[in-house]
S.K.: 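Below: one structure in structure tokens.
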2 protein chains.
Amino acid sequence: MTTEKKKMSRLTKALLETAEDLHAGGLLKENTYKKITKRHLGEEEKPDLAPLSGEDIRTIREQAHMSQSVFADYLNVTVGYVSKLERGAKRPSGAALVLLNVIRRKGIEAIL
Amino acid sequence: MTTEKKKMSRLTKALLETAEDLHAGGLLKENTYKKITKRHLGEEEKPDLAPLSGEDIRTIREQAHMSQSVFADYLNVTVGYVSKLERGAKRPSGAALVLLNVIRRKGIEAIL
DNA sequence: ACATACTATAGTACATTGGACCATAGTAAT
DNA sequence: ATTACTATGGTCCAATGTACTATAGTATGT
């Protein structure tokens, strides 16, 4: 484990602050936070995702102490696909990349 | 919020118990849990994922108080795709479905 | 009021992901 | 030993998800 310096991006922080600001004061009802849009967040960069090599992915799975098959079930993908990911034969896209990043940062319990 | 009856599937519980069992006793070093495989978990069903209709997905996004665009950024997908999901023109697959389920169960902070 | 910038929808065409399916070799359990 | 699992390797191909464009509606700022 590296020092893991609380990698909450400016965007994330801005998001949470925006949510709190909108909620603060009695102007908004508990249940009707205003919607957070691009305007609120300004020109911040998108949430930063590590690209994740095959090795990275294997490491993530091993940290979860799972076989490819069990890991695949939790990701809702096939064993063959996990195998391909770890060998670099395929690259995770969109939501899969987010999910893997979450597991790396917060552990497998984050998705249980 | 519905009563949310601690929906930890048998599989999840088995997983965590297995991990603890393997760790218990001085037989295994702190860092060398044995790998959890299908054998350990027996013939349990896979983690149960709700199928998520377009309406569901819209609700999830609205609970996060985000515009489609901001939500899309966090899912690492395009705005157009989120729009299609909510309209039912496309259905989320594999990891995307897991991610949406996680957000629904644990809130958007679960992936920040 | 006007101009500007964002949200949301909608559609098409297309690239790629990720699954289905097969087979093989190695390892662990009985 | 035999059985069952893990992991790899490959091909084929449907479906996902992207890129692009356009429209209408809404919010912001001047």
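Throughout, a chain's letter reflects where its sequence line sits, starting with A, and its residues are numbered from 1.
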S.K.: If I take atom CD from residue E62(A) and atom CD from residue E86(A), how far apart are they, to the nearest 0.5 angstrom?
M.R.: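 Going from CD on E62(A) over to CD on E86(A), the span is 7.0 Å.
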
S.K.: Output all residues satisfying side chain to side chain contact (heavy atoms under 4.5 Å, CB included) with E55(B), sequence neighbours left out; order by chain, then residue number.
M.R.: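 Testing E55(B) for side chain to side chain contact (heavy atoms under 4.5 Å, CB included), a comparison that skips the adjacent residues, returns S53(B), R58(B), T59(B).
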
S.K.: Any chance you could list the contact pattern along nucleotides 7-13 of chain D? Use B for base contacts, S for sugar-phosphate-only contacts and - for none, protein heavy atoms under 4.0 Å, 5' to 3'.
M.R.: SBBBB--

S.K.: Set out, in order, the CA-CA distance, both residues' side-chain angles and the distance that settles side-chain contact (heavy atoms from CB on, under 4.5 Å) for L52(B) and R104(B), then state yes or no.
M.R.: CA-CA 10 Å; L52(B) 297 188; R104(B) 183 164 73 161; 3.6 Å; yes

S.K.: According to side chain to side chain donor-acceptor pair (under 3.5 Å), who are the partners of S69(A), at least two apart in sequence or on a separate chain?
M.R.: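 Listed in chain order: K38(B).
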
S.K.: Measure from CG on L100(B) to C1' on dT16(D) and round the result to the nearest Å.
M.R.: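 Going from CG in L100(B) over to C1' in dT16(D) covers 14 Å.
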
S.K.: Supply the atom-to-atom distance I111(B) CD1 to I103(A) CD1, rounded to the nearest 0.5 angstrom.
M.R.: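 Output value for this atom pair is 12.0 Å.
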
S.K.: Among all residues two or more places apart in sequence or in another chain, which pass the side chain to side chain donor-acceptor pair (under 3.5 Å) test with S83(B)?
M.R.: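 In terms of side chain to side chain donor-acceptor pair (under 3.5 Å), with neighbours along the sequence ignored, S83(B) is linked to R87(B).
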
S.K.: Mind checking what makes side chain to side chain contact (heavy atoms under 4.5 Å, CB included) contact with V77(B), not counting sequence neighbours?
M.R.: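 Partners of V77(B) by the side chain to side chain contact (heavy atoms under 4.5 Å, CB included) criterion, ordered by chain and then number, come out as A72(B), L75(B), Y81(B), V82(B).
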
S.K.: Quickly work out the I36(B) CD1 to dT6(D) C1' distance and round it to whole Å.
M.R.: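 In whole Å, dT6(D) C1' lies 15 Å from I36(B) CD1.
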
S.K.: Measure from NE2 on H65(B) to P on dT7(C) and round the result to the nearest Å.
M.R.: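 After rounding, the gap between these two atoms is 17 Å.
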
S.K.: Taking N or O atoms only and anything under 3.5 Å, show me the protein contacts with nucleotides 25-30 of chain C, one pair per line.
M.R.:
none

S.K.: Show every donor-acceptor pair shorter than 3.5 Å between a side-chain atom in residues 88-102 of chain B and any protein atom, with sequence neighbours excluded, or say none if there are none.
M.R.:
unit_1	atom_1	unit_2	atom_2	d
N101(B)	OD1	A50(B)	N	3.3
N101(B)	ND2	A50(B)	O	3.2
N101(B)	ND2	L97(B)	O	2.9

S.K.: Distance check needed: dT16(C) C1' versus L85(A) CG, whole Å only.
M.R.: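 Taking atom C1' of dT16(C) as the reference, CG of L85(A) is at 13 Å.
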
S.K.: Just how far, in rounded Å, is C1' of dT16(C) from CG of N76(B)?
M.R.: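 The answer, rounded to whole Å, is 14 Å.
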
S.K.: Using a cut-off of less than 4.0 Å, is there contact between a side-chain N or O of T78(B) and OP1 or OP2 of dT18(D)?
M.R.: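 Looking at the OP1 and OP2 atoms of dT18(D), one of them is under 4.0 Å from a side-chain N or O of T78(B).
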
